[in-house]
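In what follows, chains are A, B, ... by sequence order, proteins preceding strands, each numbered from 1.
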2 protein chains.
Amino acid sequence: MGLDNFTEKKFKDYLKLKGLRYTKQRKEILEKILNRMGHFEIEDIVLEFKNQNIDVSRSTVYRTLNILKELGIVNEVIKFKNKTLYEVALNEHHDHLVCENCGKIIEFHSQEIEDLQNKICEMYNFKPNFHRLEIYGLCKECKNLNEG
Amino acid sequence: MGLDNFTEKKFKDYLKLKGLRYTKQRKEILEKILNRMGHFEIEDIVLEFKNQNIDVSRSTVYRTLNILKELGIVNEVIKFKNKTLYEVALNEHHDHLVCENCGKIIEFHSQEIEDLQNKICEMYNFKPNFHRLEIYGLCKECKNLNEG
DNA sequence: GTAGATGCAAAAGATTTGCAGCCTA
DNA sequence: TAGGCTGCAAATCTTTTGCATCTAC
């Protein structure tokens with residue numbers, strides 16, 4: 001995939017709208033997260049830049065991720081053991097099964113759950129923005145080990 | 001409610017099982033969280049002890065909460081803006097609507113969602129332990145303010 | 001030219017840990 | 001009595017922020 005024009009434009013437009021600037025660093029960060037499959041932590045990004053001798057500081061990564069979150073290009077998906085995992089939000093929304101033993105993360109999507117959630121929000125006159133459903137437990141492999 | 005014998009016994013038994021001790025501090029902490037309705041932060045607990053001149057240190061609160069979490073007497077329910085909220089897990093399980101504007105938390109329970117989750121876990125051969133469903137958005141009041 | 005961005009180092013919070021002394025079983 | 005527990009202070013880890021400098025527009 002890489003830096004597709006569509007997402008880059010979305011980002012640029014949003015920045016302009018807010019009176020912000022499209023800098024070299026912001027472009028680097030957008031590029032990097034679009035190249036990533038699956039989940040990532042801020043620290044991953046910071047280290048990759050360091051290893052590749054690309055000059056983007058930790059603070060800038062944090063600041064930019066906050067903008068991308070606002071924009072909905074990334075989601076903060078999981079909070080587990082004081083770690084925050086992000087993911088690119090361009091694909092269909094999904095939720096997560098998290099294995100407490102091996103840390104594996106399995107994605108799933110259930111339209112029925114989404115619909116029920118919307119129904120509940122209506123009941124409470126609540127305007128949903130995003131949601132996070134995490135089911136913690138043991139994955140197939142770890143379950144078998146435990147029962148073994 | 002207060003320190004009911006049932007929960008105290010559960011805690012004591014678990015401690016014994018693990019070769020741990022039932023100390024004055026652990027009893028104080030259990031008592032305090034059982035007396036609380038709704039959600040709490042570690043810091044709340046620490047401050048209350050301080051105000052009441054009860055000698056239980058912050059580290060002990062953290063250490064004990066970790067044990068109570070393992071035991072399932074408390075759940076870590078919400079991670080929001082770098083804050084962790086806990087709740088006593090003795091009542092029926094429920095999920096949360098979190099207002100991003102005023103911070104209000106609305107609890108709800110949907111058996112249908114629970115059932116669907118179980119169905120999904122079966123599909124993936126995943127053994128669920130607990131889950132967390134948080135829907136972020138605007139509550140009725142804040143929504144009206146925004147639209148007003 | 002100027003408002004906004006960056007990098008750095010420091011600060012702020014949350015949580016954990018090492019250690020010496022204390023207490024429960 | 002001994003191994004676990006506590007309080008304290010220090011350490012860790014994540015995230016934010018103040019500031020001087022730089023840069024996109």
Kindly give the atom pairs (protein nitrogen or oxygen, nucleotide nitrogen or oxygen) under 3.5 Å for nucleotides 19-25 of chain C.
from, atom 1, to, atom 2, distance (Å)
C:dT24, O2, B:R21, NH1, 3.1

Sugar-phosphate only, base, or nothing, as touched by A:T60 at under 4.0 Å among non-hydrogen atoms: sugar-phosphate
Between D:dT6 (C1') and B:F49 (CZ): distance, integer Å: 13 Å
Test: A:D115 and A:K119 ion pair at under 4.0 Å: no
Sugar-phosphate only, base, or nothing, as touched by A:R26 at under 4.0 Å among non-hydrogen atoms: sugar-phosphate
Presence of A:Y62 side-chain N/O under 4.0 Å of D:dT16 phosphate oxygens OP1/OP2: no
D:dG7 OP1/OP2 closer than 4.0 Å to side-chain N/O of B:Q25: yes
Separation of D:dC25 P from A:D13 CG (nearest whole Å): 13 Å
Value in whole Å for how far the P atom of D:dA24 lies from CD of A:E28: 13 Å
Residue met sooner reading DNA chain D from 5', once B:R58 and A:Y86 are mapped to nucleotides: B:R58
Gap between atoms CG and C1', on B:L65 and D:dT6 respectively (whole Å): 16 Å
Any side-chain heavy-atom pair of B:E134 and B:R132 under 4.5 Å: yes
A:R58/A:E43 salt bridge by N-O under 4.0 Å criterion: yes
Nearest-nucleotide pick for A:K83, side chain only, options being D:dT14, C:dC8, C:dG13: D:dT14
Short side-chain N/O contact from B:N66 to OP1 or OP2 of C:dT15, under 4.0 Å: no
First encountered from the 5' end of DNA chain D, between B:D55 and A:I42: B:D55
Atom-to-atom span, CZ of B:F11 to P of D:dC5 - whole angstrom: 10 Å
Qualifying ring-ring contact (aromatic ring centres under 6.0 Å, His included) pairs, either residue in residues 108-127 of chain A, two or more places apart: none
Student check: side-chain heavy atoms of A:T84 and A:I42 closer than 4.5 Å: no
For atom CD of A:E43 and atom P of D:dT16, their distance in whole Å: 13 Å
4.5 Å side-chain heavy-atom contact, A:K104 and A:V98: no
A:S59 side chain near D:dT16 phosphate (N/O to OP1/OP2, under 4.0 Å): no
Nearest-angstrom distance from the residue atom NZ of B:K18 to C1' of D:dC5: 17 Å
Atom-to-atom span, CG of A:N53 to P of C:dG7 - whole angstrom: 14 Å
Minimum side-chain heavy-atom gap A:F40-A:L85 below 4.5 Å: no
